[in-house]
Amino acid sequence: MHYFLTIDNGGTNTKVVLIDEHGAQVDVFSFPTKDIEPSPGFHEIQLDELFKNLMHAIKTLINRMKVPISEIVGITTVGHGKGLYVLNKDNRPFMNGILSADSRAESLAEKYESNVNQIFEISHQHVMPSQAPVILKWLKDNRRADYDQIGAVLSNKDFIRYLLTGKVVQERGDASGNNLINLKTGEYDSRLTHFFGISEIYEALPSLVNATDCCGQISKGVARQSGLPEGLSVYAGMFDIDACAIATGVLDDSLFSIIAGTWNMNIFPSRTLAPESSGLMNSLLPTNQYLIEASSPTSAGNLNIIIKMLMTAEIRDAQASGKSIYDTLESFLESTDATFTKVLFYPFLYGSNLSPDAEGSFIGLRSGTTKSELIKSVYEGICFSHRQHFEQLLAVLGHRPKAIRMSGGAVNSPSWVQMFANVLNLPIELTDVSELGGLGGAMAIGVGANIFNDFGEAVNQMTHVIKRIEPDPRQVDLYATKYETYQTFGRAMDNQWKQLDLMQRKMNTIDD
């Protein structure tokens with residue numbers, strides 16, 4: 001039997017996952033990805049602590065697994081896209097990693113996006129605040145001493161692979177989703193770094209590799225701390241949305257992949273690129289296709305924040321009874337439908353897919369509004385935000401997919417998955433592996449190690465759909481009415497958020 005190890009570093013949790021060649025999830029160990037927020041809008045991670053936690057997680061899993069370690073073919077890394085992880089000119093970490101939820105460079109991104117026509121035919125990407133070139137320009141303007149030390153620019157998973165091997169390379173899929181790659185050539189293009197005003201960074205862009213390439217071996221130091229065999233092959237791995245899409249068997253446009261996690265991800269594979277006017281992102285898939293993406297930080301991360309804001313007592317009570325607050329909420333969702341709340345929630349606590357300045361909001365509060373109604377509206381608002389992206393994809397594709405393969409933290413709630421099916425009016429299919437990033441990484445190892453000829457063969461052997469959730473026609477109609485109102489209010493506010501932002505900035509100045 002062949003086994004594969006994947007480190008999946010998400011924005012909320014980091015997992016070490018053991019998968020066998022038939023796609024069975026043998027074991028997993030996870031720990032929280034500790035997001036620190038030194039200033040509003042700044043989302044960072046301490047890299048020395050990340051390394052220590054990774055070594056502990058791998059060692060724990062290795063020590064308890066019943067699989068012969070000699071049967072582990074290799075290890076790979078899967079990670080959040082965008083963000084920034086840099087090394088100095090001696091190839092050493094020297095500053096915190098920057099997560100994909102970071103919005104410090106929002107105004108810069110808005111400026112560059114207004115001129116995106118100058119580079120769209122090169123990268124086929126729109127500009128987002130957490131893309132590496134935008135953050136790098138922010139560092140150049142605001143933390144020049146740090147900027148001048150940069151010797152290598154990496155994505156999240158490429159940095160973790162560097163920790164395992166000491167080798168500095170970058171995988172194409174992540175780089176292409178970070179506005180660094182010419183999508184027609186698959187290589188870096190100096191016109192992109194020039195556009196972002198960081199021309200000198202071009203020399204700090206590492207050699208490019210493909211997802212299935214072997215990129216080094218476990219170093220002696222990592223072997224000693226983790227329990228992994230020294231010399232174990234380390235494969236390049238994938239951007240997490242690539243891994244989840246492939247793991248769920250989304251290999252053509254007859255299926256969509258939706259990831260409802262820290263980010264709101266909605267994607268399909270394509271042989272053709274989405275045009276600039278669509279507002280969609282294009283990147284390179286390891287299957288030699290393009291990934292068409294509509295995304296924003298407007299998904300389940302918003303629910304986590306609102307629960308912490310509003311349900312302190314309920315969280316404490318659930319813990320006292322040995323349960324999770326999500327167990328309590330699941331029972332609540334099961335007993336309510338679309339008529340329960342008349343409040344609308346806009347899930348813009350980390351960013352927006354309506355306007356760059358839009359912020360999280362409840363619309364429709366009354367004196368009798370209950371906390372339960374607010375919570376229910378958060379679940380619904382996240383579904384509506386996904387639907388907005390879903391409709392962007394449909395406008396480009398021109399036909400509806402036959403089903404949606406869904407992943408991310410939201411799939412742990414059957415009632416929420418049903419709500420997604422009702423809001424999107426499409427069947428949702430779930431696979432038997434909960435850690436889909438881990439499964440996608442395992443497939444990359446399997447293809448790279450020639451256990452499978454290609455990803456199609458890997459999917460045939462390792463992906464198993466176990467559940468299909470059909471939309472409820474009555475709920476579909478009710479949610480269609482709610483969504484129309486959600487869109488109407490959103491459009492009405494589109495040009496008004498700037499005024500709120502100006503007021504907030506003025507208040508901050510007075511506080512200072």
Side-chain angles (χ1 to χ4, degrees), residues 1-6 8 10 13 15-30 67 78 238 240-261 265-269 287 299-300 324 326-327 329-331 333-334 379 383 386 390 400-447 451-452 455-472 475-476:
M1 179 75 78
H2 298 109
Y3 295 90
F4 316 102
L5 268 175
T6 302
D8 182 2
N13 291 295
K15 287 87 64 175
V16 182
V17 190
L18 182 66
I19 302 280
D20 73 20
E21 65 185 53
H22 299 297
Q25 184 174 301
V26 179
D27 202 356
V28 60
F29 184 90
S30 67
V67 172
V78 166
M238 289 183 265
D240 57 5
I241 67 170
D242 293 0
C244 288
I246 291 171
T248 54
V250 178
L251 299 179
D252 61 48
D253 62 18
S254 66
L255 296 168
F256 276 13
S257 170
I258 282 185
I259 307 169
M265 297 286 191
N266 312 268
I267 54 184
F268 69 87
T287 55
S299 196
S324 163
Y326 294 101
D327 297 327
L329 288 170
E330 185 63 22
S331 298
L333 291 177
E334 287 176 358
Y379 280 96
C383 291
H386 274 272
F390 176 75
R400 293 173 69 82
K402 63 183 183 182
I404 292 166
R405 298 276 172 88
M406 188 170 170
S407 57
V411 301
N412 295 316
S413 167
S415 298
W416 203 3
V417 174
Q418 181 67 63
M419 189 186 297
F420 269 92
N422 296 337
V423 170
L424 299 173
N425 193 21
L426 268 175
I428 290 179
E429 296 177 340
L430 303 179
T431 55
D432 61 345
V433 170
S434 61
E435 299 299 340
L436 288 163
L439 178 57
M443 290 179 178
I445 300 172
V447 174
I451 293 166
F452 306 115
F455 283 108
E457 184 180 333
V459 165
N460 286 339
Q461 183 157 320
M462 300 178 77
T463 299
H464 313 288
V465 174
I466 58 168
K467 192 171 186 180
R468 181 179 169 100
I469 299 90
E470 299 288 346
D472 177 337
Q475 296 295 302
V476 166

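Here, residue 1 is the first one in the sequence, and each next residue gets the next number. Hydrogens, waters and symmetry mates play no part in the numbers below; they use all other heavy atoms, side chains included.
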Ile246 vs Met238 side-chain heavy atoms within contact, under 4.5 Å: yes
With sequence neighbours excluded, residues passing side-chain hydrogen bond (donor to acceptor under 3.5 Å, both in side chains) with Asp252: Ser254
Shortest non-hydrogen contact from Ala260 toward Ser299: CA-OG, 3.3 Å
Flag, side chain of Ser324 to backbone of Tyr326, donor-acceptor distance under 3.5 Å: yes
Polar side-chain atom of Gln25 near backbone of Glu435 as donor-acceptor pair, under 3.5 Å: yes
Asp253 side chain vs Phe268 backbone, donor-acceptor pair below 3.5 Å: no
Value rounded to 0.5 Å, distance of CD in Gln418 from CD in Glu334: 11.0 Å
Nearest non-hydrogen partners of Leu430 and Val411, listed with the distance: CD2-CG1, 3.9 Å
From CA spacing to verdict: side chain to side chain contact (heavy atoms under 4.5 Å, CB included), Asn266, Phe256: CA-CA 7 Å; Asn266 312 268; Phe256 276 13; over 6 Å; no
Closest non-hydrogen atom pair between Leu255 and Pro269, with its separation: O-CD, 4.4 Å
Distance in Å, Asp20 CG paired with Met462 CE, rounded so as to fall on 0.5 Å steps: 7.0 Å
Heavy-atom pair of closest approach, residues Gly437 and Ala243: O-CB, 4.0 Å
Residues Phe390, Val423; criterion side chain to side chain contact (heavy atoms under 4.5 Å, CB included); working and verdict: CA-CA 11 Å; Phe390 176 75; Val423 170; over 6 Å; no
Closest non-hydrogen atom pair, Leu5 against Val16: CD2-CG1, 3.9 Å
Side chain proximity check, Ile258 to Leu424, heavy atoms < 4.5 angstrom: yes
Trace of the side chain to side chain contact (heavy atoms under 4.5 Å, CB included) decision for Thr287 with Leu251: CA-CA 8 Å; Thr287 55; Leu251 299 179; 4.2 Å; yes
Distance (rounded to the nearest 0.5 Å) between His464 NE2 and Thr248 OG1: 13.0 Å
Evaluation steps, side chain to side chain contact (heavy atoms under 4.5 Å, CB included), between Ile469 and Met406: CA-CA 11 Å; Ile469 299 90; Met406 188 170 170; over 6 Å; no
Contact check, side chains of Met419 and Gln475, non-hydrogen atoms, under 4.5 Å: no
Over all atoms of both residues, closest heavy-atom pair of Leu426 and Arg400: CG-NH2, 3.3 Å
Heavy-atom donor-acceptor pair, Glu21 side chain to His2 backbone, under 3.5 Å: yes
Spacing of CD belonging to Gln461 relative to CZ belonging to Phe452, to within rounding of 0.5 Å: 4.5 Å
From SG (Cys244) to CG (Asp8), nearest 0.5 Å: 7.0 Å
Donor-acceptor pair, side chain of Arg405 and main chain of Val250, under 3.5 angstrom: no
Exam field: side chain Thr463 to backbone Ala247, donor-acceptor pair closer than 3.5 Å: yes
Distance in Å, Asp242 CG paired with Ile267 CD1, rounded so as to fall on 0.5 Å steps: 7.0 Å
